[in-house]
Asker: 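Quick one: the structure is below, questions incoming.
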Number of protein chains: 2
Amino acid sequence: MALSKNARKVLKVLARRGAPEVLFALGRGPARFSDLQAHLHLSPRTLAERLREYHVLGLVVRRAFSEVPPRVEYTLTARGKRVLDFLQVLEEILDSEEVKR
Amino acid sequence: MALSKNARKVLKVLARRGAPEVLFALGRGPARFSDLQAHLHLSPRTLAERLREYHVLGLVVRRAFSEVPPRVEYTLTARGKRVLDFLQVLEEILDSEEVKR
DNA sequence: CAGGATCCCTACGGATACTG
DNA sequence: CAGTATCCGTAGGGATCCTG
């Protein structure tokens with residue numbers, strides 16, 4: 001009948017600034033904070049926020065290495081990959097309609 | 001690689017207040033403005049905005065009858081139905097993951 | 001009935017500066 | 001390097017009042 005809370009939350013995060021881009025980037029493999037920031041033109045504030053949200057939702061894993069200089073790696077979880085595939089399904093849906101016109 | 005503009009727009013609208021609810025409600029058949037408002041606890045401002053956005057995206061058709069009192073009916077398009085199905089897929093994805101834990 | 005216009009409050013996100 | 005803290009502008013949405 002209605003949409004589940006989890007789905008709503010994921011939807012909300014996906015609509016935010018840079019959210020899909022981060023997911024697509026991580027879909028190409030694990031990445032570090034600065035890599036993401038450089039490729040996605042996101043302010044550190046926003047990128048950190050997106051990553052934290054994804055982590056809370058269980059879409060992304062964060063691994064910090066105790067080194068100098070510090071290094072942190074972000075990786076998609078299985079759940080994260082599913083959501084990424086899901087986004088591509090949305091594109092297919094909309095594009096197939098586009099062709100019909 | 002990245003997400004299409006159309007997909008981004010749809011995503012953005014779907015994350016707004018009451019957006020999924022409106023879609024689910026219309027999935028049960030055509031409805032009038034006041035019906036939707038009563039069932040969904042949305043302010044008229046917000047409901048009108050959602051419906052206009054859906055209309056622009058081609059997810060909803062608006063039919064106004066020149067009567068007194070005026071009557072307007074909203075209906076899902078084929079594209080709208082696909083997006084609704086898509087939302088249910090999202091739930092399935094997240095729930096199946098939930099079970100795994 | 002089906003909204004538009006207005007006022008107002010809140011949350012998001014950019015820019016910049018600063019730490020562990 | 002990988003963030004957090006602060007300041008601040010902009011957009012979303014509630015409440016209320018008004019109209020075709």
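Chain identifiers are assigned alphabetically (A, B, ...) following the order of the sequence lines, protein sequences preceding nucleic acid strands; residue numbering begins at 1 within each chain. In this text the structure is predicted, and so the values were computed from the model without any measurement.
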Asker: So B:Y74, base contact, sugar-phosphate only, or nothing? Heavy-atom distance under 4.0 Å.
Answerer: sugar-phosphate
Asker: Quick one: on DNA chain D, does A:V72 or B:A15 contact a more 5' nucleotide (nearest heavy atom)?
Answerer: A:V72
Asker: Charged N to carboxylate O below 4.0 Å: is that the case for A:R63 and A:E73?
Answerer: yes
Asker: Identify all pairs in which a protein N or O lies below 3.5 Å from an N or O of nucleotides 17-20 of chain D, and state each distance.
Answerer:
none

Asker: Reckon A:R63 has a side-chain N or O less than 4.0 Å from the OP1 or OP2 of D:dA2?
Answerer: no
Asker: So, A:R16 and A:E53, do they make that salt bridge, N to O below 4.0 Å?
Answerer: yes
Asker: Starting at the 5' end of DNA chain C and moving along, which residue's nearest nucleotide shows up first, B:A48 or A:T46?
Answerer: B:A48
Asker: Detail all sub-3.5 Å separations between protein N/O atoms and N/O atoms belonging to nucleotides 6-12 of chain D.
Answerer:
residue : atom : partner : partner atom : Å
D:dG12  : OP1  : B:R16   : NH2          : 3.4

Asker: Give a yes or no on whether B:R71 atom CZ has more than 12 heavy-atom contacts from other residues, nucleotides or ligands under 6.0 Å away.
Answerer: yes
Asker: How far apart are the closest heavy atoms of A:L23 and A:L84, and which atoms are they?
Answerer: O-CD2, 3.9 Å
Asker: Kindly give the heavy-atom pair with the smallest separation between B:L14 and B:A19, and that separation in Å.
Answerer: O-CB, 3.6 Å
Asker: Take A:R8 and B:E21 through the salt bridge (Lys or Arg N to Asp or Glu O under 4.0 Å) test and state the conclusion after the steps.
Answerer: CA-CA 11 Å; A:R8 286 239 44 157; B:E21 289 76 8; 3.2 Å; yes
Asker: Is it true that A:Y54 and A:Y74 have ring centroids separated by less than 6.0 Å?
Answerer: no
Asker: From the list C:dC1, D:dA2, D:dG3, which nucleotide is the closest neighbour of the side chain of B:S34?
Answerer: C:dC1
Asker: To the nearest angstrom, how far is A:L47 atom CG from C:dA15 atom P?
Answerer: 14 Å
Asker: Of the non-hydrogen atoms in B:V61 and B:H55, which two are nearest, and what is the gap between them?
Answerer: CA-CD2, 4.4 Å
